[in-house]
Amino acid sequence: MTNIKERKNWIDWMKAIGMLMIVWGHCFPDGGTSEFLYAFNVPLFFIISGYLTHREHSMALCWDKCLHNLVIPYFILSLIKVAGFILKHLDDGMWAWSLFGVTFGFHSINGASGCGNLWFVYALIVIKLVYQMFVHGKKSMLAVSILSLCGAVAYNHFGVEMAWGVTDAMLALPFFMLGNLGSSVLKTPFNSFIAGMCRTSASARWVMVTVLAAATYIIGQYNGEASMFMGQYGESLALFIPGAVAGSLAILILSVLLDKVKLSVVSVISAGSIVILEFHREFLHPVMKLINNLTPPVWQEVLLTFLLSLAATLAFVPIIMILKRYFPIVFGRRAQNIRL
C-alpha cells in the first residue's frame with residue numbers, strides 16, 4: 001500500500017503522464033484527440049499544484065517559496081526563450097513588447113513573443129498568492145472559487161482574447177482549490193480513496209480508467225477544444241468542468257495503478273517539467289512538418305504524434321540532468337528531487 005507520508009511515486013507518474021499529454025496536445029492530432037486532451041491536460045496540473053500546496057505561516061514565507069520555486073525559474077526560462085526574438089528586434093522596438101510580455105505574464109502581445117507556455121507558471125504564482133491571502137477555510141475557498149469562475153464566465157462572454165496569465169488564473173483557480181481540498185479539508189477521505197485504489201484489482205482500475213477516459217472524450221467532442229492559455233473553456237463551462245475532473249481522475253487512477261513501478265526517468269520528468277513545458281515545441285516542429293506533409297490517415301497521425309510526443313518528452317531527461325548539475329536555479333528547490 002502507498003505510504004501517504006513518503007514521497008508519492010503516483011504524483012510523479014501523474015506529472016509525467018500529464019506532461020506527455022501536454023506535449024501530445026501541442027501536436028494537435030485529429031480524430032477528436034485534441035478535444036479529448038485539452039479537456040483535462042492543463043486542469044490536471046492545476047489540480048496537482050493545489051494538492052501539493054499548503055498554507056504557509058506567513059505571507060513572507062509564501063513569497064519566499066514562490067520566488068525560489070516559480071518566479072526566478074519563470075524569468076530565467078522565459079528570457080532564454082525570447083532571447084532570439086529580442087536580438088532580432090533590437091532596432092524596431094519590438095524587444096520592449098517582448099520584455100513587457102514576459103514581465104506581466106502575456107503569452108504573446110502586440111506581435112511580440114512573451115512568456116510562451118510558461119503562462120501556466122505565471123497563473124500559478126497569482127493563484128498561490130490569492131490562496132495565501134484570502135483562503136482561510138472551506139467557506140472562503142468556496143467563495144474565492146465562485147468569484148473566480150464568475151470572472152472566467154464574464155471573460156468568455158465578452159469574447160476578449162488576451163492570452164494573459166492573470167485572466168487564465170480565473171479559470172484555473174477552482175481546479176487548484178479542488179486539488180487542495182484533497183490535501184487539506186478532505187485529506188482523510190482522499191487518502192482513504194488512494195488506499196482503496198491500491199487494494200482494488202488492476203483489472204478493475206483499468207476498467208475505471210477506460211470508462212473515465214471515454215467520458216472525457218465524449219464531453220470533449222460536445223464542448224470543443226478548450227484553450228486555457230486564452231482563458232477559454234470551450235462551448236460550455238458546465239461541460240468543461242466535469243470533463244476536466246473525469247480526465248484528471250482517470251490519470252490519478254492510472255498513476256496509482258503504476259505506483260509500484262519506480263522509474264527514475266519518471267521522477268526526472270516530474271521534477272523537470274518546467275523545462276519541458278517551455279521548450280518542447282522546438283522538438284516537435286521539424287517532425288510535425290514532415291507528418292503534415294505526408295498527410296497520413298487519422299489513426300496513423302494519432303499514433304505518430306503520440307510516439308513523437310513520447311520521444312520528445314524522454315529527450316528532455318538528459319537535458320534536465322545537465323541543467324540540474326550546472327544550472328539548478330531553473331528548477332528552484334525541486335532540483336533536489338532530480339536523480340537518475
Side-chain angles (χ1 to χ4, degrees), residues 2 4 6-25 37-55 65-66 69-70 73-74 117-128 130-132 135 141 145 148 165 168-169 171-187 190-191 193-194 197 209 212-213 216 226 228-229 240-241 243-259 263 266-278 280 313 320 331-334 337-338:
T2 302
I4 303 297
E6 295 177 354
R7 176 177 171 80
K8 302 173 180 65
N9 190 45
W10 56 268
I11 285 286
D12 284 340
W13 272 107
M14 282 188 76
K15 292 179 70 176
I17 295 171
M19 185 51 58
L20 175 59
M21 298 298 101
I22 291 284
V23 177
W24 193 14
L37 293 171
Y38 281 90
F40 72 92
N41 60 3
V42 179
L44 171 68
F45 273 93
F46 283 108
I47 291 172
I48 294 172
S49 298
Y51 179 80
L52 296 174
T53 298
H54 302 281
R55 184 172 175 78
K65 287 190 174 183
C66 282
N69 292 331
L70 296 174
Y74 166 84
N117 293 327
L118 290 192
W119 68 265
F120 172 91
V121 177
Y122 200 97
L124 184 58
I125 294 168
V126 172
I127 290 171
K128 281 179 172 281
V130 169
Y131 172 76
Q132 180 67 26
V135 176
M141 181 180 288
S145 297
S148 185
D168 301 335
L171 183 57
L173 184 144
F175 294 108
F176 177 93
M177 296 300 179
L178 178 62
N180 189 257
L181 276 173
S183 61
S184 56
V185 179
L186 302 178
K187 182 176 181 179
F190 181 79
N191 287 349
F193 171 78
I194 296 296
M197 284 295 100
V209 170
L212 287 166
T216 306
M228 279 197 72
F229 80 97
F240 177 62
I241 291 176
V245 172
S248 299
L249 187 57
I251 300 300
L252 169 61
I253 295 173
L254 177 60
S255 299
V256 174
L257 183 65
L258 296 169
D259 183 62
L263 299 176
V266 171
S267 62
V268 171
I269 291 170
S270 171
S273 58
I274 190 172
V275 173
I276 304 174
L277 180 64
E278 182 68 317
H280 66 271
T313 304
I320 292 169
F331 303 111
R333 291 164 183 167
R334 293 182 297 272
N337 295 327
I338 302 176

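Throughout, numbering of the chain's residues begins at 1 and tracks the sequence.
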For this session: Using side-chain contact (heavy atoms from CB on, under 4.5 Å) as the criterion, list what pairs up with Ala169, not counting sequence neighbours.
Result: Ala123, Val126, Ile127

Exercise. Roughly how far, to the nearest 0.5 Å, is the CE atom of Met141 from the CG atom of Leu181?
Worked result: 4.5 Å

Seminar exercise, completed: Correct closest heavy-atom pair for Ser248 and Pro43 would be OG-C, 4.4 Å

Problem set entry | side chain to side chain donor-acceptor pair (under 3.5 Å) partners of Asn41, counting only residues at least two apart | none

For this session: Starting at OG of Ser49, measure out to CG of Leu124 and round the result to the nearest 0.5 Å.
Result: 4.5 Å

Exercise. So which heavy atom on Leu44 is nearest to which on Met14, and how close?
Worked result: CD1-CE, 3.4 Å

Exercise. How far does OG of Ser148 sit from CE of Met177, to the nearest 0.5 angstrom?
Worked result: 8.0 Å

Exercise. Is the shortest heavy-atom distance from the side chain of His54 to the side chain of Ser184 under 4.5 Å?
Worked result: no

For this session: Apply side-chain contact (heavy atoms from CB on, under 4.5 Å) to Thr313 and list each qualifying residue two or more places apart in sequence or on a separate chain.
Result: Leu20, Val23, Ile269, Ile276

For this session: Drop me the distance from Leu118's CG to Leu70's CG, to the nearest 0.5 angstrom.
Result: 10.5 Å

Problem set entry | Test side chain to side chain donor-acceptor pair (under 3.5 Å) applied to Trp13 - qualifying residues, sequence neighbours left out | none

Exercise. Is there a donor in the side chain of Asn180 and an acceptor in the side chain of Tyr131, or the other way round, less than 3.5 Å apart?
Worked result: yes

Problem set entry | Interatomic distance, Asn9 atom CG to Ser267 atom OG [nearest 0.5 angstrom] | 8.0 Å

Exercise. Hey, are the side chains of Met228 and Leu171 touching, using non-hydrogen atoms and a 4.5 Å cut-off?
Worked result: yes

Exercise. Once you round to the nearest 0.5 Å, how far does NZ of Lys128 lie from NZ of Lys65?
Worked result: 8.5 Å

For this session: Check whether any side-chain heavy atom of Val209 lies under 4.5 Å from a side-chain heavy atom of Leu249, and answer yes or no.
Result: no

Exercise. Minimum heavy-atom separation for Leu212 to Ala246, with atom names?
Worked result: CB-O, 3.7 Å

Problem set entry | Candidates Phe46, Phe176, Tyr74 - the one meeting ring-ring contact (aromatic ring centres under 6.0 Å, His included) with Phe120 | Phe46

For this session: Could you tell me which residues satisfy side-chain contact (heavy atoms from CB on, under 4.5 Å) with Phe229, sequence neighbours excluded, listed by chain and number?
Result: His107, Trp119, Ser227

Problem set entry | Asp12 side-chain N/O to Ser270 backbone N/O, donor-acceptor pair under 3.5 Å | no

Exercise. If every non-hydrogen atom of Met21 is compared with every non-hydrogen atom of Leu37, which pair is closest and at what distance?
Worked result: SD-CD2, 3.6 Å

For this session: Would you confirm whether the ring centroid of Phe175 sits within less than 6.0 angstrom of the ring centroid of Phe240?
Result: yes

Problem set entry | Any Lys15 side-chain heavy atom under 4.5 Å of Ile48 side chain | yes

Problem set entry | Check: Ser145 and Leu173 side chains under 4.5 Å, non-hydrogen atoms | yes

Problem set entry | Beyond-backbone contact of Asp259 with Ser255, side-chain heavy atoms, under 4.5 angstrom | no

Problem set entry | Validation row: Tyr38, Ile22 side chains within 4.5 angstrom (heavy atoms) | no

For this session: May I ask you to check whether Trp10 and Tyr51 place their ring centres under 6.0 Å from each other?
Result: yes

For this session: Apply side-chain contact (heavy atoms from CB on, under 4.5 Å) to Ala39 and list each qualifying residue two or more places apart in sequence or on a separate chain.
Result: Thr216

